[in-house]
Amino acid sequence: MSKTRMTVGQAIVKFLNQQYIEMDGKEEPFVDGMFTIFGHGMVVGLGQALEEDPGHLRVYQGRNEQGMAHAAISYAKQHNRRKIIACTSSIGVGAANMVTAALTATINNIPLLLFPSDYFATRQPDPVLQQLEVPNDLSMSASDCFKPVAKYWDRISRPEQLMSAMVNAMRVLTDTANCGTAVISLPQDVQGESFDFPDYFFQKRVHHVARRVADDYDIEKAVEMIKASKKPMFIAGGGVRYSEAGQTAMDFCKAFNIPVSQTQAGHSCLPDSFDLAVGGIGVTGGLAANALCKDCDLVIGVGTRFNDFVTGSKWVLFRNPDIKVLAINTSEFHAEKLDATRCIGDAKVTLEAIMEKLKADGYKSGYTTEIQDIRKVWEEERLRVLGVQYKGEGFGEGKFVPCVPSWTEKIMNDFVDQIGGTITESNAVGILREEADDDAIVVAAAGSLPADLERLWVTDAPNSYNMEYGASCMGYEIAGAFGAKLAEPDKEVYALVGDGSFMMLNSEIPTAMQENAKITVVVFDNCAFGCINNLQMGNGVGSLATEMRHRNETTGKLDGDYCYTDFGKIGEGFGMKAFYAKTPDEFRKAVQDAKKESVSCIIDAKVLPKTMAEGYESWWHIGVASTSKSDEVKAARKRIDDHLAEARMY
């Protein structure tokens, strides 16, 4: 047996260079590079290996550990999970900063490979700088925080352990059913320790992504359910996107006249112009899909986790008490939800198998004109909302009435007087859609923008909608746009971000500048955590710490004037080209001018509060107080209880 002596850090780099992925006959390197913020925990260990001989791995210099890991998530998502960028950090706080991203990747079933540094395995210098000490368990460190948010976790306390650990990490990262975060925690001393590694550890490994068709029993059950259905609804989740089964899903729905809705993860897996596409479904869904659910007798969920935003907290999908659920998924866990009849297999080949049998039996749904009728109604409503503009007429009866019912004249007038913006949020989305390239990639994650985009943004370009809505992680947006640009450098990429999310994490702007990766950050500044303010006030609670207002010395509360933030100057400080917009015309001009630039741009758009798209026949179960002095809160609680009486319990 031939062996080569090298350090653990060097072995990791050499191993990553030899990992390939193959699907449908296409083979390519799996690991593109490594994001890092070097610290004492690994700069002379794993860092030495990356400097000495990185192979084909590119080393990317992150600015915030969470941000760089978010960029890696987006990069993997944009590559449909077939290519990744690993991430490494120093110990303690540097490692802990990646926990949020680890959670985000695991929730979304996106491959994320993390190498947080750790204490000394020998414990000779304990406690080292940044080491978390747990008096009753000295083996524990900050890296243990990853355990509940990772699909695989290991600590390499001896060089020999690296081999099985890396093989298992690759197993998880390439598993379509149980994909998520893999964490290899690296004690500082072990990174630099040498070992005679067998050369076969570094042989080229090709990880085949198998298209496993569901077994005959599952197929027959699925066929029986669909044949018994008169009005089924097809829900295309992220699994359709990652299986690259969009065309198959369209063929399936076309063959049997079945409407197809999309989840946030599935959006752009098939074109919105498809004549059976009915848009988003559930809490952030639109009128078409949610209205059709009233009479739907079968849900065909393909590659979806059936979270509460898809099911409408088990109310939207279940207004027909006799509705049944068929779940097609590579994951047995997700396919068992909602008492579904499960069909375990790859979306593309499993749909093809079911389609063949249904065609042989001559199946057609019972829909006549309902799909086309509701599509027409919804398109008229969508265009109406996109076109809503405030023209300075004031607010109230006979004047301008914002879309969100919880508006007040004080909120609206204060914003116009103190901030000066008159752009409605929905109109800004419409203007951007009109001016952006047809295949532009839009990235968002949190606040009201995911709802606006799922309802209002239409695209026929595959994989052009990059929404992180499993964790809805504020701060993903800008880093995610950078990751998407690394994945698809020839496309325009827009980060749509609220002022709250921008303030939370904008760290990877300088990394994008460093890599000459042009992104356009559009800041929707309504001086609030607007989505949560709507939720708060819409359920009878007064506005408390959700608007960006100064402390009022008279009242002692945060109810003073709005805080004005110049986001353009922040962007300019990083080297971005800044554009400003307070009116629809200024916003359109800013988008047009940003497209002409070769450098990253920021558009500081002052958008009116309460002007995002409102819900359509949806419901979201939240924990409203059951005891209160407020009549408004009592009414909100009654609405919750009324919906719960109609919703499924599990």
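The minimum heavy-atom distance between Asn109 and Cys179, with the atom names listed, is ND2-O, 3.1 Å. Of all heavy-atom pairs between Glu477 and Val443, the closest is O-CG1, 3.6 Å. Here the closest non-hydrogen pair linking Val316 and Ser618 is CG2-CA, 3.6 Å. When all heavy atoms of Gly301 and Phe306 are compared, the closest pair comes out as CA-CZ, 3.7 Å.
Shown here is Lys582, whose NZ atom has more than 12 heavy atoms of other residues, nucleotides or ligands within 6.0 Å. Remark: Lys595 NZ is packed, more than 12 non-hydrogen atoms of other residues, nucleotides or ligands lying under 6.0 Å away. Counted within 6.0 Å of NZ on Lys337, heavy atoms from surrounding residues, nucleotides or ligands total more than 12; the atom is thus considered enclosed.
In summary, Glu617 and Arg319 engage in a salt bridge, as defined by a charged side-chain N under 4.0 Å from a carboxylate O. Salt bridge Asp144/Lys147: present, at least one basic N to carboxylate O contact under 4.0 Å. Between Lys77 and Glu468 there is no salt bridge, since no side-chain N of the basic residue sits under 4.0 Å from a carboxylate O of the acidic one. The pair Arg549-Glu547 meets the salt-bridge criterion, since a charged nitrogen lies less than 4.0 angstrom from a carboxylate oxygen.
Annotation: side chain of Leu496 is in contact with side chain of Leu453 (closest heavy-atom distance under 4.5 Å). Using a 4.5 Å heavy-atom cutoff, the side chains of Asn539 and Arg637 are not in contact. A 4.5 Å side-chain heavy-atom check between Ile323 and Met233 finds every atom pair outside the cut-off. Side chains of Ile73 and Asn108 form no contact here, defined as non-hydrogen atoms less than 4.5 Å apart.
The closest side-chain donor-acceptor pair between Thr459 and Ser464 falls under 3.5 angstrom. A donor-acceptor contact closer than 3.5 angstrom is absent between the side chains of Lys294 and Asn320. Side-chain contact, Tyr465 with Gln262: no donor N or O sits under 3.5 Å from an acceptor N or O. A side-chain donor from one of Ser543 and Asn533 sits under 3.5 Å from a side-chain acceptor of the other. Counted by atom type alone, Ser74 and Asn466 present one or more donor-acceptor pairs between their side chains at under 3.5 Å. A donor-acceptor pair shorter than 3.5 Å cannot be found between the side chains of Tyr390 and Asn427. With 3.5 Å as the limit, one finds a donor-acceptor pair spanning the side chains of Gln536 and Thr546. For the residue pair Asn64 and His70, no side-chain donor N or O sits within less than 3.5 Å of a side-chain acceptor on the partner.
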Q: Just do the side-chain contact (heavy atoms from CB on, under 4.5 Å) check on Lys569 and Tyr580 with the steps written out, would you?
A: CA-CA 10 Å; Lys569 283 186 178 178; Tyr580 294 87; 3.9 Å; yes
Q.
Go through it in stages, so that I can follow the logic: the residues are Glu454 and Thr284, the test is side-chain hydrogen bond (donor to acceptor under 3.5 Å, both in side chains), and I'd like the CA-CA distance, side-chain angles, deciding distance and then a yes or no.
A. CA-CA 7 Å; Glu454 187 170 29; Thr284 56; 2.4 Å; yes
(Q) Evaluate Thr424 against Val607 for side-chain contact (heavy atoms from CB on, under 4.5 Å), listing each step before the verdict. (A) CA-CA 5 Å; Thr424 69; Val607 297; over 6 Å; no
Q: Just do the side-chain hydrogen bond (donor to acceptor under 3.5 Å, both in side chains) check on Ser600 and Lys577 with the steps written out, would you?
A: CA-CA 6 Å; Ser600 289; Lys577 177 72 174 178; over 6 Å; no
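Expressed to the nearest 0.5 Å, how far OG of Ser261 lies from CD1 of Ile235 amounts to 4.5 Å. The distance from the CE atom of Met504 to the SG atom of Cys473 is 8.5 Å, given to the nearest 0.5 Å. Note that the OG atom of Ser406 and the CG atom of Leu535 stand 9.5 Å from one another [nearest 0.5 Å]. Atom-to-atom distance recorded for Met576:CE and Ile519:CD1 is 5.5 Å, nearest 0.5 angstrom. Atom SG of Cys145 is separated from atom CG of Leu103 by 12.5 Å, given to the nearest 0.5 angstrom.
For the pair Lys606 and Phe415, the cation does not sit on the ring face, since its NZ or CZ is not both under 6.0 Å from the ring centre and inside 45° of the axis. With Trp457 as the aromatic partner, Arg455 does not meet the cation-pi criteria of under 6.0 angstrom to the ring centre and within 45 degrees of the ring axis.
Here the side chain of Arg375 pairs no donor or acceptor atom with the backbone of Ala288 at under 3.5 angstrom. Looking only at distances, no side-chain donor or acceptor of Glu632 sits under 3.5 Å from a matching main-chain atom of Val541. For Asn290 (side chain) and Gly282 (main-chain N/O), a donor-acceptor pair under 3.5 Å exists by modelled atom type.
The only option from Asp525, Asp604, Ile509 that meets the side-chain contact (heavy atoms from CB on, under 4.5 Å) definition with Phe502 turns out to be Ile509. Looking at Thr311, Val310, Val299, Ile281 one by one, the single match for side-chain contact (heavy atoms from CB on, under 4.5 Å) with Thr304 turns out to be Val310.
Residues Tyr75 and Phe482 keep their aromatic ring centres 6.0 Å or farther apart.
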